[in-house]
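Reviewing the structure listed below.
All values below were derived from every heavy atom in this structure, side-chain atoms included, with hydrogens, water molecules and symmetry-related copies excluded.
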Amino acid sequence: MEGNRIRVGAAATGIEHGPVIRANRYLKAKKMWRDRYLYLLLLPVVAFYLIFHYAPMYGVIISFQDYNMFKGVFGSKWIGLANFHDIFSNSDFYVVLRNTLLLNFLTLIFGFPGPIILALLLNELTSMKFKRTIQTIIYLPHFISWVVVASLIIPMLSPRDGIVNALITALGGKSIYFMGDATWWIIVYVLSGIWKGIGWGAIIYLAALTSIDPTLYEAAVIDGAGKWKQTWYVTLPGIRPTIIVLLILNIGHMMSVGFDQPFLLGNGAVIQVSDVLSTYVYRLGLLSADVAHSTAVGLFQALVNFILLIGANLLSKKISGDGIY
């Protein structure tokens, strides 16, 4: 109340005098000290982004240089957009760009609804013991490294002695080379990504479901609504802001594919579909030591993601009124 009176008094005069400013600063400092443990918990996250995301940003200068590792960032020759011209003139770039967009689009179409459906199903379970057991089981894949997942998937799908092909041949079918056929590889890629992330993604929606007022369900039951109509008219509208925010963030990553999954599951037989921007940058920057062109690809990737994020948010705000800001 004291802080509000000070601000109101300052607003009435139109001028914030020295004592008023000092009082406001004192109140803010007092509030920060009261919540010091919350800020302490936030500190590792802030430090992570400062060290690994913001501090290296000066390196984008390399994408405009004929970079020489012996001369360094500030000693290399400035060549403007020549690196970007080289990239856009390379046919391989458009192949990896197509693969990146295709895999992300398929993951978005088939993978995005998965956590929502799973959260709705878990929310209907009445036995808390059974619900916690199921949640624990489906959360575990998120914490398993892609190295471990790939080392399990590849032997299981082996055309010679894999358990999946053994079952297919036992039922009278023909053995399938899952990891050597482009179409089957894409299916394996999408399904493995869904399997690994669906449980973790459902956590967010389960948290959103707890914010829905239970009286809305009671009113729906009185109106004669069954489970399906309750879900359609109460549950989904209740978690709509969460769905929209996560959808916008997913669209904002359409140009980004994690390195581990395509690199570990991919092989020479399916490189025409498994080679994506992250593996392309790896080959350019580390294997070929072409730091300038790999940095240019990374900058292009970040700019397109930024444009997609802003565009998706504006479109969402215009259509539904919800967005990330």
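Here the side chains of Leu206 and Leu209 are in contact, with some heavy-atom distance below 4.5 Å. Residues Ile138 and Ile198 have side chains not in contact (no heavy-atom distance under 4.5 Å, counting atoms from C-beta outward).
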Could you go through residues 104-116 and list every donor-acceptor pair under 3.5 Å that involves a side-chain atom there, pairing it with any protein atom two or more places apart or in another chain?
unit_1 : atom_1 : unit_2 : atom_2 : d
Asn104 : ND2    : Thr100 : O      : 3.4
Asn104 : ND2    : His253 : O      : 3.4
Asn104 : ND2    : Met254 : O      : 2.5
Asn104 : ND2    : Ser256 : O      : 3.0
Thr107 : OG1    : Leu103 : O      : 2.7

Which side-chain N or O atoms in residues 49-66 pair as donor and acceptor under 3.5 Å with protein atoms at least two apart or in another chain?
unit_1 : atom_1 : unit_2 : atom_2 : d
Ser63  : OG     : Val60  : O      : 2.6
Gln65  : NE2    : Val73  : O      : 2.6

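Counting Ile, Leu, Val, Met, Phe, Trp and Tyr side chains that sit under 4.5 Å apart, directly or through other members, Leu40 shares a hydrophobic cluster with Leu43. Residues Leu121 make up the rest of the hydrophobic cluster containing Ile117, defined by ILVMFWY side-chain heavy atoms closer than 4.5 Å, directly or through other members. Cluster partners of Tyr39, by chain and number: Met32. The rule joins Ile, Leu, Val, Met, Phe, Trp and Tyr whenever side-chain heavy atoms lie under 4.5 Å apart. Ile222 shares a hydrophobic cluster with no other residue; no ILVMFWY side chain has heavy atoms under 4.5 Å from its own.
Side-chain atoms of Thr279 do not come within 3.5 Å of backbone N or O of Asp275 as any donor-acceptor pair. Side-chain N or O atoms of Arg36 include one that pairs as donor or acceptor with a backbone N or O of Trp33 at under 3.5 Å. At distances below 3.5 Å, at least one donor-acceptor pair connects side-chain atoms of Gln230 with backbone N or O atoms of Ala225. A donor-acceptor pair is defined here as one N or O able to donate and one able to accept, closer than 3.5 Å; no such pair exists between the side chain of Tyr280 and the backbone of Ser294. With hydrogens and angles disregarded, a donor-acceptor distance shorter than 3.5 Å links the side chain of Lys196 to the backbone of Ile144.
For Leu286, the side chain to side chain contact (heavy atoms under 4.5 Å, CB included) criterion is met by Tyr282, not counting sequence neighbours. Residues meeting the ring pair (Phe, Tyr, Trp, His ring centres under 6.0 Å) test with Tyr189, sequence neighbours left out: Trp185. Applying the salt bridge (Lys or Arg N to Asp or Glu O under 4.0 Å) rule to Arg98 yields no partners; only residues at least two apart in sequence or on another chain are considered. Partners of Trp195 under the ring pair (Phe, Tyr, Trp, His ring centres under 6.0 Å) rule, at least two apart in sequence or in another chain, do not exist in this structure.
One distance of note links OG of Ser278 with CZ of Arg283; it measures 10.0 Å at 0.5 Å rounding.
For the side chain to side chain donor-acceptor pair (under 3.5 Å) condition, the pairs that include at least one residue of residues 163-177, sequence neighbours left out, are Asn165-Ser175. For the side chain to side chain donor-acceptor pair (under 3.5 Å) condition, the pairs that include at least one residue of residues 204-225, sequence neighbours left out, are Asp213-Thr215, Tyr217-Thr235.
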